[in-house]
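Basis for what follows: all heavy atoms, side chains included, without hydrogens, waters or symmetry-related copies.
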Amino acid sequence: MFARLAGFVERRAPYVVAAWLIAAVLLAVTAPSLEDVGTQDQTSFLPASSPSQRADHIIRQLFPNDPTLDAGIVVLARKGGLTAADEAFASSLSTWFREGDVKAQIKSVQSAATDPALAAVLRAPDKSAELMIVGFRSPPFTTQTNDLVDTVRSYMDAHAPAGLSHHLTGTGGLASDQAKALVGSFSQ
């Protein structure tokens with residue numbers, strides 16, 4: 001059987017090559033892009049019956065507005081206590097999340113500036129640190145979230161008062177760092 005196939009291909013080699021080229025072009029033109037059919041959210045590969053997926057479903061059902069599910073946690077700290085300039089920066093950062101060029105990517109912001117009642121929970125008793133919970137619209141481990149994390153970190157680097165320690169962590173920040181470490185490990 002293979003001998004007959006080889007003989008056929010050998011006698012009609014130009015036509016076989018042309019057919020392969022036409023098939024390759026047709027597939028390249030008609031195939032959907034990987035961006036359209038792929039996903040960056042690794043949890044979509046898990047079956048709905050898996051324990052982690054069931055737990056996530058229950059948590060999202062019981063707490064649909066929980067901003068910590070897909071969140072970044074901003075940490076602002078200064079040894080000796082936050083200064084008035086630090087608190088002004090925290091307030092402006094909170095405003096930037098809600099009204100700045102990243103607002104379309106932000107689902108929610110919880111901070112002492114947005115809700116003074118949260119100050120007791122989000123600000124250290126000695127006023128040396130303050131947290132902000134920023135809910136992202138895109139899930140962690142996606143290009144959108146990783147890019148947003150980079151944007152937020154760059155913004156804080158450019159606008160934070162000198163000496164203020166500022167970090168973005170939480171699910172979004174950790175996922176971005178993990179993705180960078182993974183990609184970086186390939187180039188070594």
Donor-acceptor pairs under 3.5 angstrom involving side-chain atoms of residues 79-91: please list them, not counting sequence neighbours.
residue, atom, partner, partner atom, Å
Thr83, OG1, Ala85, N, 3.4
Thr83, OG1, Asp86, N, 3.1
Thr83, OG1, Asp86, OD1, 3.3
Thr83, OG1, Asp86, OD2, 3.2
Asp86, OD1, Arg78, NH2, 2.8
Asp86, OD2, Arg78, NE, 2.5
Asp86, OD2, Arg78, NH2, 3.4
Asp86, OD2, Thr83, N, 2.9

| query | What's the verdict on side chain to side chain contact (heavy atoms under 4.5 Å, CB included) for Gln105 and Thr151, showing C-alpha distance, side-chain angles and the deciding distance? | reply | CA-CA 11 Å; Gln105 300 172 62; Thr151 300; over 6 Å; no
| query | Residues in salt bridge (Lys or Arg N to Asp or Glu O under 4.0 Å) with Asp115, at least two apart? | reply | none
| remark: For Ser176 and Asp150 the tightest heavy-atom approach is OG-OD1, 4.2 Å
| message | I need the minimum non-hydrogen distance between Gly173 and Arg153, along with the two atoms involved. | response | O-NH2, 3.6 Å
State the [atom1]-[atom2] distance between [X] and [Y], to the nearest 0.5 angstrom.
{"X": "Leu76", "Y": "Leu168", "atom1": "CG", "atom2": "CG", "answer": "10.5 Å"}
{"X": "Phe97", "Y": "Phe136", "atom1": "CZ", "atom2": "CZ", "answer": "6.5 Å"}
{"X": "Leu5", "Y": "Glu10", "atom1": "CG", "atom2": "CD", "answer": "11.5 Å"}

Determine whether [X] and [Y] make a side-chain contact, defined as any pair of heavy atoms from C-beta on separated by less than 4.5 Å.
{"X": "Ile106", "Y": "Leu148", "value": "yes"}
{"X": "Met156", "Y": "Leu164", "value": "no"}
{"X": "Tyr155", "Y": "Val102", "value": "no"}

Atom pairs and distances, side-chain donor-acceptor, residues 128-135, under 3.5 Å, sequence neighbours left out:
residue, atom, partner, partner atom, Å
Ser128, OG, Asp126, OD1, 2.7
Ser128, OG, Asp126, OD2, 3.3
Glu130, OE1, Arg123, NE, 3.0
Glu130, OE1, Arg123, NH2, 3.1

| message | Taking side-chain hydrogen bond (donor to acceptor under 3.5 Å, both in side chains) as the definition, give me every residue that meets it alongside Lys127, ordered by chain and number, with sequence neighbours left out. | response | none
| query | Quick one: do the Thr145 and Ser138 side chains pair a donor with an acceptor below 3.5 Å? | reply | yes
| field | Transitive ILVMFWY cluster of Met1, excluding itself - 4.5 Å side-chain cut-off | value | none
| Which residue pairs pass the salt bridge (Lys or Arg N to Asp or Glu O under 4.0 Å) test when at least one of the two sits in residues 88-104, sequence neighbours left out? | none
| Residues Thr114, Ser94; criterion side chain to side chain donor-acceptor pair (under 3.5 Å); working and verdict | CA-CA 7 Å; Thr114 60; Ser94 184; 4.7 Å; no
Do [X] and [Y] sit in the same hydrophobic cluster, where Ile, Leu, Val, Met, Phe, Trp and Tyr count as joined when their side-chain heavy atoms come under 4.5 Å apart?
{"X": "Leu21", "Y": "Val16", "value": "no"}
{"X": "Val74", "Y": "Leu174", "value": "no"}
{"X": "Trp20", "Y": "Val9", "value": "yes"}

| message | Does Phe141 form a side chain to side chain contact (heavy atoms under 4.5 Å, CB included) with Asn146? I'd like the steps, not just the answer. | response | CA-CA 7 Å; Phe141 299 102; Asn146 294 345; over 6 Å; no
